[in-house]
Amino acid sequence: MTTALADQIIEVAHRFSAPEYARAGGGNASYKADGILHIKPSGMALQTLTADDLVPLRIDVLLDALHSEEPVDVDPVRAAAEKARVGFYDGRRPSVEILFHAMMPEPLVLHLHPLTASALTCNLMAPELARSIFSDDAIFVEYAHPGVALARAIEEAREAYTTRTGKEPPALTLLRNNGMVVAGTTAQDVIAVVDQAMARIRAAINARPPTPPPAPSRIGNRVRPAPVLDEDERRRVADMILVAAPLLRGLLGTEGSLAVVTSDSSELVRSETRLGKPVVTDGPLTPDQIVYAGAMPCVVEPRYAPLADQIRKAVASYRVTFDRDPVIVVLPGRVAFAAGSDHAVARNALETFTDALAVARDANRLGEVRVMDADERAFIETWEAEAYRKKMAETAYRGRMQHKVAVITGAAQGFGLGIARGLADEGAHVILADLNLDLAQAEASRLVALYGPGTAMAVQVNVADEASQKQALAEVLAAYGGLDLFVSNAGIARAGSVTEQRIEDFDLVTSINYKGYFLGVRAVSPVLAAQHEVRPDLLFDIVEINSKSGLEGSNRNFAYAGSKFGGIGLTQSFALELIESGIKVNSVCPGNYLDGPLWSDSDTGLFVQYLRAGKVPGASDVDQVRAFYESKVPMVRGCLPEDVVCAVLYLVEQQYETGQALTVTGGQTMRN
């Protein structure tokens with residue numbers, strides 16, 4: 001029986017783990033058997049929950065704590081959890097809502113925060129709406145602080161229901177500004193109640209046409225319409241992100257690290273963040289919003305001053321008012337930003353905030369949205385249990401590039417892909433920028449599967465085209481807020497005799513290897529400089545992946561060698577200019593990556609090209625060409641991506657080096 005119940009609660013938890021029902025570590029699930037409550041640990045997502053994760057607690061001890069008036073030295077819920085624990089302490093803390101899970105007699109209990117249901121529960125008319133939609137099929141509980149107060153409020157509401165109706169309490173409990181609870185005997189029972197509840201509330205919402213919210217009572221805070229999102233407005237928003245995101249990375253970062261800042265300029269955000277909207281100006285809707293997105297957003301009201309000055313002033317004012325940094329920053333009617341230690345944290349905050357916008361929109365269709373009052377907010381903000389839940393959502397330390405954002409061009413394969421993999425393994429967020437978007441997306445997906453959401457993204461770029469470089473950078477800024485490292489890796493080789501090579505092949509090599517490097521630096525350097533301006537304690541990096549052919553001529557490969565020689569000149573020149581903006585510029589000069597597609601591709605690889613060009617005397621097949629090049633290396637092998645990654649990491653960590661060409665050739669090229 002116990003095994004069956006465990007399987008069923010996990011089935012239910014996974015069924016309702018989508019963002020529509022619960023985000024990040026929100027939501028809760030438990031089952032009871034043989035006097036023991038088995039409940040989800042605090043901060044763990046429903047999506048990944050397993051039966052082995054559930055924390056066992058004695059129900060009798062929890063019920064004693066629920067009804068006890070005896071004071072305790074610590075939070076009573078935490079004290080009850082420690083006293084009720086079965087077995088040894090293994091570091092997992094049970095959900096903060098253990099008491100009402102223990103109090104309900106049904107074996108399965110599920111606590112969700114569905115967006116649809118929240119349109120009812122986060123509503124000034126919630127009791128009336130609950131009665132009209134559900135009649136006696138649901139219990140409505142007025143807002144109570146989480147923990148003991150909420151558990152007692154639910155118990156009292158259940159008892160009052162039975163007294164009034166003479167019936168056992170229904171399976172559905174609606175909690176003011178705190179989601180809904182469903183109890184049942186089987187997984188099928190719970191699933192049916194959730195699905196039916198969502199259908200009934202959604203039908204009520206859809207039956208009412210969208211209507212504007214009541215006019216705000218505060219003078220000067222009228223609701224303004226969002227500008228029409230035409231091409232000019234898109235460009236205007238992109239320009240705002242270009243200014244705001246790098247600045248916010250610096251303002252909201254921590255010692256030694258910038259924040260990751262992600263943004264949303266969707267129609268929902270544009271329409272629901274106008275001045276006068278309750279979620280923007282009045283307060284949060286749920287405890288989850290406070291935990292993950294902060295109680296109040298920082299609003300940058302439109303003025304005539306430059307945007308950067310407005311943002312600095314707004315953040316400074318927020319710190320004075322709330323004694324903390326904002327998580328959400330709103331440019332009303334245009335775009336919302338969220339800051340976090342990494343992309344997953346920032347994205348979760350932003351999506352929690354936009355969830356609240358969606359809830360407010362639907363709540364105003366049903367009646368009028370209700371925000372949490374100051375006392376309700378303060379309790380969540382200062383409750384240690386909720387601080388612990390937020391901490392559990394943050395990413396543990398993973399490596400030397402933790403929290404840094406790295407853009408790598410030509411990253412869908414070869415050295416670029418190897419560099420992306422190596423930096424991701426060291427904790428970086430990596431953006432795979434490549435002309436072959438499909439391949440880059442496939443590789444980014446593999447990295448996300450390995451390291452988690454937000455750790456990798458693909459963008460399309462033609463490095464030889466300035467507009468393409470700027471568009472790719474705009475996508476990076478919208479997702480991550482800026483970058484810490486730009487690796488200019490995209491390159492191409494076309495071998496041939498000086499008297500026979502086609503002009504178009506020479507131009508192609510030059511435009512990608514030489515001009516592409518210039519255009520990349522031209523695009524990213526203002527962003528890096530803006531970050532350094534707000535955080536002068538930090539330096540940022542540009543690393544060109546050059547070649548040993550940038551240090552010595554290459555027979556019948558002059559276009560490639562010439563472009564790489566030019567790249568060294570660009571590196572030294574950029575280094576002299578950009579260090580005053582806090583940007584170090586260096587090159588890595590690898591040896592031959594004999595296993596990479598540049599060399600090994602059966603149609604266009606250098607082995608084939610050199611064989612056709614007769615560059616290796618006496619060679620009759622590609623194996624002989626390969627052996628010839630391996631013999632030139634004292635370490636008797638080609639250069640590997642991990643060799644280059646080590647060099648890149650060295651250049652990033654080295655705080656007293658710029659304008660250098662770091663050779664990584666296995667001894668083949670020894671610089672004087």
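Computed from heavy atoms alone, side chains included, the values below leave out hydrogens, waters and symmetry copies.
Under the 4.5 Å side-chain criterion, counting only non-hydrogen atoms from C-beta, Glu426 is in contact with Leu649. Residues Phe486 and Leu473 are not in side-chain contact: their nearest non-hydrogen atoms beyond the backbone lie 4.5 Å or more apart. Proximity of Ile408 to Leu423: side-chain heavy atoms (C-beta onward) are separated by under 4.5 Å at one or more points. With contacts defined as side-chain heavy-atom distances shorter than 4.5 Å, the pair Val407/Val524 does not qualify. Side-chain contact between Leu110 and Asn28 is absent, with no heavy-atom pair separated by less than 4.5 Å. The shortest side-chain heavy-atom distance between Tyr656 and Gln654 falls under the 4.5 Å cut-off. With a 4.5 Å cut-off on side-chain heavy atoms, Leu432 and Met457 do not count as touching. Contact check for Glu97 versus Leu150: side-chain heavy atoms found under the 4.5 Å cut-off.
Taken to the nearest 0.5 Å, the CG atom of Leu366 stands 12.5 Å off from the CD atom of Glu368. In this structure, CG on Leu578 lies 5.5 Å from OG on Ser525, to the nearest 0.5 angstrom. Rounded to the nearest 0.5 angstrom, Gln531 CD and Leu483 CG are separated by 6.0 Å. Expressed to the nearest 0.5 Å, how far NZ of Lys404 lies from CG of Leu485 amounts to 8.5 Å. Going from atom OH of Tyr451 over to atom CG of Asp342 covers 15.0 Å, rounded to the nearest 0.5 Å. Once rounded to the nearest 0.5 Å, the distance linking CD1 of Ile431 with OH of Tyr480 reads 5.0 Å.
Taking the side-chain contact (heavy atoms from CB on, under 4.5 Å) definition, one finds that Thr254 meets it with Ser257, sequence neighbours left out. Tyr318 pairs by the ring-ring contact (aromatic ring centres under 6.0 Å, His included) definition with Phe322, not counting sequence neighbours. With sequence neighbours excluded, the residues forming a side-chain contact (heavy atoms from CB on, under 4.5 Å) with Glu155 are Leu66, His67, Met103, Glu159, listed by chain and number. For His111, the ring-ring contact (aromatic ring centres under 6.0 Å, His included) partners two or more places apart in sequence, or in a different chain, are Phe100, His113. Every residue two or more places apart in sequence or in another chain that forms a salt bridge (Lys or Arg N to Asp or Glu O under 4.0 Å) with Asp232 is listed here: Arg235.
No side-chain donor-acceptor contact under 3.5 Å links Asp325 to the backbone of Leu252. Although no hydrogens or angles enter the test, the distance criterion places a donor-acceptor pair under 3.5 Å between the side chain of Gln289 and the main chain of Leu285. The main-chain N or O of Ala363 is found under 3.5 Å from a side-chain atom of Asn123 such that the two form a donor-acceptor pair. Using modelled atom types, one side-chain atom of Arg274 and one backbone atom of Ser271 make a donor-acceptor pair closer than 3.5 Å. Formation of a donor-acceptor pair under 3.5 Å by the Asn364 side chain with backbone atoms of Ala360 is found in this model. Using a distance-only test at 3.5 Å, with no hydrogens or angles considered, a donor-acceptor pair links the side chain of Lys40 to the main chain of Gly27.
In this pair, Phe16 and Tyr21 present their aromatic rings perpendicular. The plane angle is above 60°, beyond the 30 to 60° band.
Salt bridge present: Glu69 and Arg152 bring a charged side-chain N and a carboxylate O closer than 4.0 Å. Using a 4.0 Å cut-off between charged side-chain N and carboxylate O, Arg361 and Glu272 make no salt bridge. Ion pairing between a basic and an acidic side chain is recognised when a charged N comes within 4.0 Å of a carboxylate O; Glu233 and Arg270 show such pairing.
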### Message
Checking Thr262 against Arg347 for the side chain to side chain donor-acceptor pair (under 3.5 Å) test, could you report, in this order, the C-alpha distance in whole Å, the side-chain angles of both residues, the deciding distance, and whether it holds?
### Response
CA-CA 6 Å; Thr262 193; Arg347 195 71 209 169; 3.1 Å; yes
### Query
Can Asp541 and Ile583 be said to form a side-chain contact (heavy atoms from CB on, under 4.5 Å), step by step?
CA-CA 6 Å; Asp541 287 274; Ile583 305 169; over 6 Å; no
### Query
Would Glu301 and Gln310 count as a side-chain contact (heavy atoms from CB on, under 4.5 Å) if you check the C-alpha gap in whole Å, the side-chain angles of each, and the deciding distance to 0.1 Å?
CA-CA 8 Å; Glu301 297 197 26; Gln310 297 178 47; over 6 Å; no
### Task
Test Glu381 against Arg324 for salt bridge (Lys or Arg N to Asp or Glu O under 4.0 Å), laying out the working first.
CA-CA 11 Å; Glu381 288 177 319; Arg324 60 173 59 86; 3.5 Å; yes
### Message
With side-chain contact (heavy atoms from CB on, under 4.5 Å) as the criterion, how do Glu657 and Lys584 come out once you've worked through the C-alpha distance, each side chain's angles and the decisive distance to 0.1 Å?
### Response
CA-CA 7 Å; Glu657 206 65 85; Lys584 297 184 283 129; 5.9 Å; no
### Task
Start with the C-alpha distance between Leu129 and Ile201, add both sets of side-chain angles, then the distance that settles side-chain contact (heavy atoms from CB on, under 4.5 Å), and finish with yes or no.
CA-CA 9 Å; Leu129 290 167; Ile201 299 173; over 6 Å; no
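Scanning all heavy atoms of the two residues, the minimum distance from Val279 to Pro297 falls at O-CD, 3.8 Å. Heavy-atom minimum distance, Arg365 versus Ile205: NH2-O, 3.2 Å. Residue Ala119 comes nearest to Val359 through the heavy atom pair N-CG1, 3.9 Å, listed as atom of the first residue, atom of the second, then distance. When every heavy atom of Tyr143 is checked against every heavy atom of Pro287, the shortest pair comes out as OH-CG, 4.1 Å. The two residues Pro246 and Ile241 make their nearest non-hydrogen contact at CD-O, 3.6 Å. Taking all atoms of both residues into account, the shortest heavy-atom contact from Ala338 to Ala346 is CB-O, 3.3 Å.
Residue-environment remark: CZ (Arg522) stays at or below the threshold of 12 foreign heavy atoms within 6.0 Å. Heavy-atom contacts from other residues, nucleotides or ligands closer than 6.0 Å to CD of Gln47 number 12 or fewer. Within a 6.0 Å sphere centred on CD of Glu128, heavy atoms belonging to other residues, nucleotides or ligands number more than 12. Residue-environment remark: CG (Asp537) exceeds the threshold of 12 foreign heavy atoms within 6.0 Å.
Shown are Leu46, Thr352, Leu115, Asp288; of these, the side chain to side chain contact (heavy atoms under 4.5 Å, CB included) with Arg23 is made only by Thr352.
Residue pairs satisfying the salt bridge (charged side-chain N to carboxylate O under 4.0 Å, His left out) criterion with at least one member in residues 369-380, sequence neighbours excluded, are listed as follows: Arg370-Glu376.
Thr121 and Arg176 are not linked by any side-chain donor-acceptor pair at a separation below 3.5 angstrom, with hydrogens and angles left out of the test. Side-chain contact of Thr354 with Asp264: a donor-acceptor pair under 3.5 Å is absent, judged by distance alone.
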